[in-house]
Amino acid sequence: MQQMALLIGIVAAAALFLPAVRMRLELSKAKHPSLTGHARMARRVAGLVPYYAYDEERFFRSDAAPAEVAARRRSGFARLAELYRQRFARSAALTAETESALSDLQFTGRYRVPFQYSRFLRQHIKAGAFLQSSEGVTVTDLDGNRFYDLAGSYGVNVFGNDFYKTCIAEGSARAAELGPVLGGYHPAVAYNLRRLREISGLDEVSFHMSGTEAVMQAVRLARFHTRRTHLVRFCGAYHGWWEGVQPGIGNPVTQRETYTLKDMDEDSLRVLRRRRDIACVLVNPLQALHPNAGAPSDGSLVDSARSAHFDREAYATWLRRLREVCTQRGIVLIFDEVFVGFRLAPGGAQEYFGVRADMVTYGKTLGGGFPVGVVCGRANLMKRFREDRPADICFARGTFNSHPYVMAAMQVFLERLGTPAIRGLYEGLDELWNGRAQQLNARLEEAALPVRVANLSSIWTVCYTRPSRYNWMLQYYLRAEGLALSWVGTGRLIFSLNYTDADFAAVCDRFVAAARAMERDGWWWSDPALSNRSIKRGILREMIAQRF
Ligand SMILES: Cc1ncc(COP(=O)(O)O)c(C=O)c1O
């Protein structure tokens with residue numbers, strides 16, 4: 001009798017808990033096996049990594065290169081250091097003067113290359129962080145050096161810096177009469193609303209000061225209206241630096257209401273189909289270039305394992321499947337187009353991939369050169385109150401939302417977006433940029449250089465074909481050739497669409513020259529036994545030795 005009761009108890013408990021256990025297992029299965037897919041563990045591991053820096057000997061021979069190769073590296077390095085000293089003197093001096101009080105500069109300066117190499121490199125190669133002017137597709141530093149701009153202002157620069165100067169000047173002139181008055185709206189708001197509704201195909205719009213804020217608001221609204229707690233983001237995707245969308249390294253607080261799932265994977269769809277606590281799914285279409293990997297940066301370029309490949313059809317299919325499951329389950333599908341919006345197509349990623357979201361966030365370029373974040377969404381998701389519960393609201397305000405100057409510059413941006421000159425830039429856009437990537441790759445291959453580029457339209461990343469610990473050096477050779485990169489180095493090159501064939505040919509020449517110089521100076525020497533895996537193992541051994 002007692003046994004029977006026990007058995008019934010076990011069966012009852014199993015019936016009660018099995019679905020929960022199964023869902024937990026499904027969730028685990030939908031996590032990417034890398035540390036990027038395990039936010040909490042990644043943070044713990046990051047906390048264990050000890051600091052150590054290579055001395056001069058190790059800096060040049062961390063891959064146990066023969067003495068002759070190390071000597072070539074040394075003399076190449078010395079030449080580069082001297083060139084930087086002479087050519088970038090004023091920019092470097094102001095950088096040195098400001099660095100100790102400018103936290104952002106300290107951070108970016110330190111993480112341009114893997115930390116083991118950073119100290120020695122910064123002692124000898126001083127790249128300035130200041131710029132004086134911009135024109136066409138170039139920027140000029142304080143010493144008068146002109147660079148082709150491959151940094152693209154973090155993606156803001158879609159149509160060329162001169163375009164944004166016009167948006168700012170014209171916009172400022174239109175806003176001048178009202179000036180900095182906040183609270184009441186400048187009439188530009190009405191025009192922007194109309195155009196953004198047309199472009200997004202959505203009903204309502206809210207204006208914010210940054211992309212981070214826009215994403216924050218979209219997620220908050222999704223939670224408010226679905227009355228569910230969790231947001232889903234995909235492994236590696238960046239959505240700004242706000243807590244909930246950055247659950248791992250970089251955020252000191254553990255995020256309990258964020259699921260990070262595998263991108264482009266059936267297991268993730270299963271989780272979306274089954275769980276009842278998911279309010280929204282956030283998609284950054286830029287991930288199509290490197291699904292499940294974080295934004296590539298030379299700061300973590302310890303080997304040649306970085307890879308990227310864009311398959312438009314495969315990603316469009318994935319978005320269609322996401323759309324389907326979100327519709328079935330009442331989950332809010334949010335496209336975060338802060339980066340790619342207006343770069344891939346005039347109607348953004350929705351148009352480019354042929355899939356509609358429930359909410360879309362925009363930012364960067366849309367401000368016409370000013371800071372901005374925008375949420376567009378279906379009317380039932382954008383309301384910040386409930387008709388039947390007056391005290392139950394979803395609060396979102398912000399002093400500078402709808403700033404007259406930003407709104408007026410945005411109006412100029414949107415007006416110009418509709419002109420034949422700008423519309424023309426989108427014609428054959430993919431063919432043009434794919435062709436240019438192929439052109440550069442052909443030249444690199446011809447010169448037997450171990451470098452290739454991969455691209456999502458005008459957003460490029462550099463990959464390396466030969467196992468090496470020194471790929472991050474390329475950014476310094478590129479700068480010496482007059483190519484300006486952002487602090488993530490060769491991880492991301494961003495072209496503005498006003499690059500002519502002649503401009504691009506000049507970039508190609510300089511890129512190949514830089515890679516040739518790097519090859520000549522021995523940085524890409526590689527022992528045939530060296531592999532990306534053996535490099536990683538070697539670094540792990542160093543870290544362990546450092547800790548014990
Ligand atoms: C996709 C995406 N979302 C959000 C953001 C955050 O925008 P902001 O830097 O304006 O806060 C970024 C910035 O790079 C982004 O690329």
Side-chain angles (χ1 to χ4, degrees), residues 36 104 107-108 111 151-158 164 200 206-222 231-248 250-251 258 260 263 280-297 299 308 310 315 319 333-345 348-350 352-353 357 359-377 396 398 400-401 403 406 409-410 413 456-461 485-489 491-494:
T36 320
D104 197 41
F107 177 78
T108 53
Y111 287 95
S153 299
Y154 301 112
V156 169
N157 185 7
V158 177
Y164 298 92
S200 66
S206 67
F207 296 106
H208 307 272
M209 287 306 297
S210 68
T212 298
E213 257 192 277
V215 173
M216 205 156 76
Q217 168 66 350
V219 171
R220 178 179 276 201
L221 282 167
L231 77 90
V232 163
R233 65 185 273 274
F234 291 107
C235 181
Y238 185 68
H239 295 284
W241 62 278
W242 159 63
E243 306 278 7
V245 291
Q246 203 197 27
N251 181 353
T258 301
T260 297
D263 214 345
C280 59
V281 173
L282 263 177
V283 175
N284 176 357
L286 178 58
Q287 290 302 109
L289 183 57
H290 40 68
N292 293 306
S297 150
F310 172 53
Y315 198 72
L319 292 183
L333 180 60
I334 306 171
F335 282 2
D336 178 1
E337 298 203 28
V338 168
F339 197 112
V340 299
F342 306 100
R343 183 171 280 278
L344 304 178
Q350 290 194 106
Y352 185 77
F353 291 108
M359 291 175 123
V360 179
T361 54
Y362 300 106
K364 296 199 192 262
T365 194
L366 178 57
F370 280 134
V372 83
V374 167
V375 183
C376 297
F400 290 109
N401 294 354
H403 191 287
V406 179
M410 184 187 292
F413 174 91
L456 163 53
S457 203
S458 53
I459 308 163
W460 292 26
T461 187
L485 311 184
S486 78
W487 73 278
V488 300
R492 184 149 292 154
L493 315 181
I494 304 170

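Indexing begins at 1, ligand by ligand and atom by atom, following the structure's order. In this chain, residues are counted from 1 in sequence order. What you see below is based on every heavy atom in this structure, not just the backbone, and it leaves out hydrogens, waters and symmetry mates.
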(message) Any heavy-atom pair between the side chains of V283 and L319 that's under 4.5 Å?
(response) yes

(message) Once rounded to the nearest 0.5 Å, what's the spacing between atom CD of Q217 and atom CG of N401?
(response) 9.0 Å

(request) May I ask you to check whether W241 has an N/O atom sitting below 3.5 Å from an N/O atom of ligand 1? (result) no

(message) Need the ligand 1 atom indices (1-based, order shown) with element for anything under 4.0 Å from a heavy-atom of N284.
(response) 1 (C)

(request) Identify the protein heavy atom lying closest to atom 8 (P) of ligand 1, giving its residue, its atom name and the separation to 0.1 Å. (result) G211 N, 3.5 Å

(message) If you count every heavy atom of other residues, nucleotides or ligands that lies below 6.0 Å from Y238 atom OH, does the total exceed 12?
(response) yes

(request) Output yes when the distance from some N or O of ligand 1 to some N or O of V372 is under 3.5 Å, and no in every other case. (result) no

(request) Starting from atom 11 (O) of ligand 1, locate the nearest protein heavy atom and write down its residue, its atom name and how far away it is, to 0.1 Å. (result) T212 OG1, 2.5 Å

(message) Would you say the ring centers of F339 and Y154 fall short of 6.0 Å from each other?
(response) no

(request) Could you pull out, from D336, V215, L282, the option with a heavy atom nearest to atom 3 (N) of ligand 1? (result) D336

(message) With a 3.5 Å distance limit and no angle check, can you tell me whether E213 reaches the backbone of M209 through a side-chain donor-acceptor pair?
(response) yes

(message) If we set the cut-off at 4.0 Å for heavy atoms, which region of K364 has an atom near ligand 1: side chain, backbone, both, or neither?
(response) side chain

(request) Could you see which bit of Y154 sits under 4.0 Å from ligand 1, with heavy atoms only: side chain, backbone, both or neither? (result) neither

(message) Check whether N284 reaches the backbone of H239 with its side chain - one donor and one acceptor, N or O, closer than 3.5 Å.
(response) no

(request) State the CZ-SG distance between F335 and C376, to the nearest 0.5 angstrom. (result) 13.5 Å

(request) For S210, take its heavy atoms, then give the atoms of ligand 1 lying under 4.0 Å from any of them. (result) 10 (O), 11 (O)

